[in-house]
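Contents: one structure, followed by commentary.
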Amino acid sequence: MSFLITGGAGYIGAHVVRSMTLAGERAVVLDDLSTGDAARVPDGVPLVVGSTLDRALLDRTIAEHGITGVVHLAAKKQVGESVEQPLRYYRENVHGLETLLGAVVAGGVRSFVFSSSAAVYGMPDTDLVTEDTPCVPLSPYGETKLAGEWLVRATGRAHGLATACLRYFNVAGAATPELADTGVFNLVPMVFEKLTAGEAPLVFGDDYPTPDGTCVRDYIHVEDLAEAHLVAARRLAEPGRPGDLTVNIGRGEGVSVHEMVGLIADTTGRTDLAPRITARRPGDPARVVASAELIAKELGWQARRDVPEMVRSAWDGWCLHHPEAHRD
Ligand code: WQD
């Protein structure tokens, strides 16, 4: 097997490359380096710099590297930005995917793993989100992920391509400090940034209908998430493989913003900076927690790393990239 990992120089993609190569699989990375970093791609893994919108490059890459499976992560992923630039999100996330699938079918690739998101569910009105929970995305970003799933499944059915759509919940942590997320777009790095500046972390609303009033999410360690890709990619390559698979990737455990901020304070030793409650952020659902049963049943996969380990590894990565975060 030879896997093409699109977006393999990004935060999550590089973890997928790491898990797959550690397990002995051959990987080739395609990344336009718009947010990815070539330094994340390990020695010995070919890096093709380019876009999923470039059909000729895709055809060439698949042929030259004898690609038999694709793991597609390359995409734009900021919810707020997608509201301001929907055309860009549809072009890169949907047209880019459609172009890639065209090359996959023409090149005889047999399996396709797609990076989807819990954003497809929007504001789910349920304690545990199962894969049957209605998909009502609230942002162009979530829409492009849902449309992407449709495209992937339809192409799989029409062309005999084995497919898996993996719906990520809230990803955090790092396998090594070097691979840590360098973007500051989610709760964990946003709290780190405040603490590093000597400022109070912000809590966006504490009047939600949850036990402590703050939003509840399902945080998943990026290394666990990466291993789920490996398991899915291998399963799709087996004889008698499932035609298509759509699964949540989470821990099935809710953690509130208050709990997460408290854990970060304990981990970093910055217990002096009490969080400041601000207004709700528009569009935030009160609770989004995965049912992780289907993936356990279908792939025998379950998360192994807990939330303290996520925070600790994320902080080690943050300190590598922000030496000023060390106080002593
Ligand atoms: C988590 C909670 C915030 C920062 C988003 C996307 C989702 C996926 C993951 C891409 C919320 C609160 C945050 C802060 C806070 N993205 N918060 N203070 O919104 O659950 O999910 O990222 O695939 O599609 O929607 O994640 O980390 O932004 O926020 O109180 O400084 O933390 O309001 O309740 P979210 P998040």
Side-chain angles (χ1 to χ4, degrees), residues 1-8 10 12-31 41 44-48 50-75 93-116 131 145 147-168 225-247 249 294-295 297-301:
M1 294 292 293
S2 208
F3 290 99
L4 179 66
I5 321 281
T6 74
I12 298 176
H15 281 89
V16 173
V17 171
R18 180 178 181 276
S19 288
M20 297 194 69
T21 51
L22 281 178
E25 300 291 354
R26 273 203 316 135
V28 175
V29 169
L30 177 95
D31 199 299
V41 180
V45 172
L47 167 63
V48 178
S51 163
T52 51
L53 290 159
D54 185 343
R55 175 65 191 266
L57 177 68
L58 296 172
D59 286 340
R60 228 172 27 246
T61 304
I62 289 170
E64 275 172 15
H65 294 278
I67 299 298
T68 52
V70 169
V71 183
H72 176 50
L73 297 103
N93 293 6
V94 181
H95 187 43
L97 170 61
E98 179 255 318
T99 308
L100 176 60
L101 284 168
V104 158
V105 169
V109 174
R110 295 192 297 270
S111 69
F112 195 90
V113 177
F114 175 58
S115 159
S116 186
E131 291 76 1
K145 287 293 169 183
E149 287 193 4
W150 294 336
L151 211 66
V152 167
R153 287 192 286 266
T155 305
R157 279 195 293 271
H159 298 282
L161 177 71
T163 64
C165 296
L166 308 183
R167 294 176 174 166
Y168 311 167
L225 175 72
E227 286 167 6
H229 289 73
L230 169 67
V231 175
R234 282 183 164 171
R235 175 60 57 86
L236 295 185
E238 287 172 6
R241 65 210 178 185
D244 62 43
L245 194 66
T246 299
V247 288
I249 307 193
L294 187 64
I295 189 167
K297 180 169 153 269
E298 292 287 345
L299 295 181
W301 174 94

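All values derive from a computational prediction rather than experimental measurement.
Applying the salt bridge (Lys or Arg N to Asp or Glu O under 4.0 Å) criterion to Arg55, with sequence neighbours excluded, gives Asp59. Every salt bridge (Lys or Arg N to Asp or Glu O under 4.0 Å) that Glu149 has, sequence neighbours left out, goes to Arg153, Arg167. Arg26 is linked by a salt bridge (Lys or Arg N to Asp or Glu O under 4.0 Å) to nothing, counting only residues two or more places apart in sequence or in another chain.
A heavy-atom distance below 4.5 Å is found between the side chains of Leu101 and Leu97. Trp150 places none of its side-chain heavy atoms less than 4.5 Å from the side chain of Val94. Side-chain contact between Thr155 and Thr163 is absent, with no heavy atoms from C-beta onward closer than 4.5 Å. Side-chain contact between Val29 and Val48 is absent, with no heavy atoms from C-beta onward closer than 4.5 Å. Under the 4.5 Å side-chain criterion, counting only non-hydrogen atoms from C-beta, Ile12 is in contact with Tyr168. Counting heavy atoms from C-beta on, the side chains of Val17 and Val41 never come closer than 4.5 Å. Two residues are said to be in side-chain contact when any heavy atoms from C-beta on lie closer than 4.5 Å; Leu225 and His15 fail this criterion. Proximity of Met1 to Arg110: side-chain heavy atoms (C-beta onward) are separated by under 4.5 Å at one or more points.
To the nearest 0.5 angstrom, His229 atom NE2 is 14.5 Å from Glu25 atom CD. With rounding to the nearest 0.5 angstrom, the CD1 atom of Ile5 is 11.5 Å from the OG atom of Ser115. In this structure, CD in Glu98 is found 9.5 Å from CG in Leu53, a value given to the nearest 0.5 Å. Between atom CD of residue Glu131 and atom CG of residue Leu294 there is a gap of 4.5 Å, rounded to the nearest 0.5 Å. Atom CD1 of Ile67 is separated from atom CG of Leu30 by 9.5 Å, given to the nearest 0.5 angstrom. Remark: Ile249 CD1 to Ile295 CD1 distance equals 4.5 Å, nearest 0.5 Å.
Distance alone, capped at 3.5 Å, is enough to place a donor-acceptor pair between the Thr6 side chain and the Leu73 backbone. Within the 3.5 Å criterion, the main-chain N or O of Ala237 finds no donor-acceptor partner in the side chain of Ser111.
Nearest heavy atom pair, residue Leu230 against residue Ser19, reads CD2-O, 4.0 Å. Leu236 and Ala164 make their closest contact through CD1-N, 3.7 Å (heavy atoms, listed as atom of the first residue, atom of the second, distance). In this structure, Ala27 and Thr21 approach most closely via the heavy-atom pair CB-CG2, 4.0 Å. Across all non-hydrogen atoms, the minimal contact from Gly50 to Leu57 is CA-CD2, 3.6 Å. Gly7 and Ala74 get closest at one heavy-atom pair: N-CB, 3.6 Å.
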### side chain to side chain contact (heavy atoms under 4.5 Å, CB included) between Met20 and Val71, worked out
CA-CA 11 Å; Met20 297 194 69; Val71 183; 4.2 Å; yes
#### Entry: side chain to side chain contact (heavy atoms under 4.5 Å, CB included) evaluation trace for Val247 with Leu166
CA-CA 5 Å; Val247 288; Leu166 308 183; 3.6 Å; yes
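Classified by interplanar angle (parallel below 30°, tilted 30° to 60°, perpendicular above 60°), the ring pair His72/Phe114 is parallel.
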